[in-house]
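To keep things clear, I will list the structure first and then write my remarks on it.
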Amino acid sequence: MIQLIDLKKQFFSVKTEILQEIENVLESGQYVLGPKVDELEKKISNKLGTLDAIAVGNGTDALVLTLDAYGISAGDEVITSPFTFFASAEAISRVGATPVFVDVDPESYNIDPLKIEEKITSATKAIIPVHLFGQSADMDEIMKIAKKHNLIVIEDACQAFGATYKGTPVGSLGDAACFSFFPTKNLGTLGDGGIITTSDLGLAKQIRKLRTHGTTRKYFHDSIGYNSRLDEIHAAILLVILNKIDLWNSKRKDVAKRYYEKLSQTNTLKLPIVKTDCSHIYHLFCVGSENREKFLKLLQANNIQSGIYYPLCLHLQDVYSHLPYKYGDFPVAESLSKTLFALPMSPFLSEEDQNYVIDVLLNEVKG
Ligand SMILES: *Cc1c(COP(=O)(O)O)cnc(C)c1O
């Protein structure tokens, strides 16, 4: 079976280093929020060019704690994409606010800035653009709208560590940004983790407080917080991966290049479009076809794993049936949910395996 995301191969490529780092942590006696977490926070903020970074339990918590730290709560509205992983909207609901969806751009699959302003009301507090599949949203336009209407911008950068917009890394473009270290993310650990990057030092202080039960002085509490901390083992693993991430992202681009070269011969599959201002790190390589079912069956029959990201838009989820949306509201997102499917993508996808995937697809297209 050719894996969609080959995590095992990835692990074996760094196994010795990671086992050594884990042993060091185990022998250190410090296991939750310690020197490795501090080092990771410093290295990530330095790399992305923000003044601070705060590591937390996972990417969803990164979003929840950021919204909470900004005081966003019941009665507030937050604008985001209906075509993303559920957590982007779940975090908004989790703090009591209401997600307001805006359709996406048919080329980048990211929130369409031209459609944002019509959704802004007096209750709107923030915009969460998602850098979907590893490509930045149109941040200049989004920041312009946010500035005009005095809104906070929180980047959901969970799928895009290392991607850039006009040469600047995602994670340093909004007021704050959230990353996930879930194993399948391009900067992933061997468990759960997440981080918020920001240059707003007041916000950073508030998030640090929230992640440890809302306190700055142990056993004295003046607010309600969370328990959302990163373990030293994960920080140590992530420091190893962080050293490789530029290389791994460039290997993803090599894989993507081979897909483009060979699959562009056919007009049957719609390939990802990279916007001029963006570098894409291909967290996922999703292609589109009106005959998705046929391709999914074909891949499965040939022992090639694929995936659907995402089969149901967020405005059509049962949990949001109380919100004023119906099928047809976001035609671009709805169409993508019916046509896109992901091809195997990883820094460790061999040329041989990739050529096999390509041949299977081309044989079908040519008949
Ligand atoms: C993975 C992901 C999240 C959530 O991250 P977790 O670490 O799984 O909680 C949020 N938003 C997007 C776009 C994601 O891909």
Side-chain angles (χ1 to χ4, degrees), residues 4-5 7 37 40 44 53-68 78-95 99 101-102 104-105 108-111 126-137 139 142 153-163 170-171 173-174 176-197 207 210-211 226-231 234-235 237-238 241 252 272 280-286 307-315 317 319 333 336-337 340 342 345:
L4 181 63
I5 305 171
L7 292 178
V37 171
L40 182 72
I44 286 186
I54 313 96
V56 295
N58 54 69
T60 307
D61 280 1
L63 289 163
V64 172
L65 269 65
T66 303
L67 289 162
D68 190 333
V78 179
I79 290 172
T80 194
S81 164
F83 191 63
T84 170
F85 179 58
F86 180 56
S88 312
E90 184 184 29
I92 299 168
S93 302
R94 177 46 62 204
V95 298
F101 299 112
V102 168
V104 296
D105 176 274
S108 69
Y109 313 150
N110 286 321
I111 195 165
I127 307 171
I128 302 184
V130 182
H131 306 313
L132 200 73
F133 301 154
Q135 171 165 241
S136 175
M139 290 304 292
I142 292 164
V153 175
I154 303 165
E155 298 169 67
D156 182 338
C158 288
Q159 301 187 359
F161 193 95
V170 305
L173 299 160
C178 300
F179 291 92
S180 164
F181 300 137
F182 189 73
T184 57
K185 306 299 161 94
N186 70 314
L187 176 61
T189 184
L190 306 171
D192 276 306
I195 202 163
I196 299 111
T197 52
I207 294 173
L210 285 175
R211 79 176 168 182
Y226 303 78
N227 174 359
S228 186
R229 303 174 294 214
L230 189 67
D231 299 340
H234 290 303
I237 293 168
L238 285 160
I241 311 280
R252 285 174 181 277
H280 202 313
I281 53 89
Y282 304 102
H283 162 64
L284 291 168
F285 194 92
C286 290
I308 298 179
Y309 302 89
Y310 294 90
L312 185 64
C313 293
L314 300 189
H315 66 290
Q317 297 286 344
V319 69
L336 295 171
S337 74
L340 288 187
M345 167 55 77

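Throughout, residue positions are numbered sequentially from 1 according to the sequence presented. As a basis for the values below, the full set of heavy atoms in this structure was taken, side chains included, without hydrogen atoms, waters or symmetry mates. Whatever order the structure lists them in is the order used to number ligands and atoms, beginning at 1.
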(message) Can you pull out every side chain to side chain donor-acceptor pair (under 3.5 Å) where at least one residue sits in residues 184-196? Sequence neighbours excluded, please.
(response) Asn186-Asn249, Thr189-His234
(message) Taking a cutoff of less than 4.0 Å between a non-hydrogen atom of the residue and any ligand atom, is Gly194 in contact with ligand 1?
(response) no
(request) Identify which one of Met139, Gln135, His131 satisfies the side chain to side chain contact (heavy atoms under 4.5 Å, CB included) criterion when paired with Val170. (result) His131
(message) The test is side chain to side chain contact (heavy atoms under 4.5 Å, CB included); show your working for Val130 and Phe85 and say whether it passes.
(response) CA-CA 9 Å; Val130 182; Phe85 179 58; over 6 Å; no
(request) Consider every N or O of Ala87 and every N or O of ligand 1, then say whether any pair is closer than 3.5 Å. (result) no
(request) Could you find the nearest protein heavy atom to atom 8 (O) of ligand 1 and give me its residue, atom name and distance? (result) Ser180 OG, 4.0 Å
(message) Show me which atoms of ligand 1 lie under 4.0 Å from any heavy atom of Thr84.
(response) 13 (C)
(request) Would you mind running through ligand 1 and noting each atom that sits below 4.0 Å from a heavy atom of Thr60? (result) 4 (C), 5 (O), 6 (P), 9 (O)
(message) With a 3.5 Å distance limit and no angle check, can you tell me whether Thr60 reaches the backbone of Ala87 through a side-chain donor-acceptor pair?
(response) no
(message) Check this for me - ligand 1, Lys185, N or O atoms closer than 3.5 angstrom, yes or no?
(response) yes
(request) Look at the side chain of Arg211 and the backbone N and O of Ala55, then say whether any donor-acceptor pair between them is shorter than 3.5 Å. (result) yes
(message) Tell me whether Asp61 has any N or O atom under 3.5 angstrom from an N or O of ligand 1.
(response) no
(message) I'd like to know if the side chain of Asn110 reaches the main chain of Leu132, judged simply by a donor and an acceptor atom lying under 3.5 Å from each other, with no hydrogens or angles considered.
(response) yes
(request) For Ser88, counting its heavy atoms only, list the atoms of ligand 1 lying under 4.0 Å from any of them. (result) 11 (N), 13 (C)
(message) Pairs of nitrogen or oxygen atoms closer than 3.5 Å, one from Tyr310 and one from ligand 1: do any exist?
(response) no
(request) Using a strict 4.0 Å cut-off to heavy atoms of Val130, name the atoms of ligand 1 that fall inside it. (result) 13 (C)
(message) Below a 4.0 angstrom heavy-atom separation, can you tell me which part of Asn58, side chain or backbone, both or neither, approaches ligand 1?
(response) both
(message) His280: which residues meet the ring pair (Phe, Tyr, Trp, His ring centres under 6.0 Å) condition with it, sequence neighbours left out?
(response) Tyr282
(message) Among Thr197, Ile195, Thr66, Ile128, exactly one meets side chain to side chain contact (heavy atoms under 4.5 Å, CB included) together with Cys178. Which residue is that?
(response) Thr66
(request) Quick one: look up the protein heavy atom nearest atom 11 (N) of ligand 1 and list residue, atom name and how far away it is. (result) Asp156 OD2, 2.8 Å
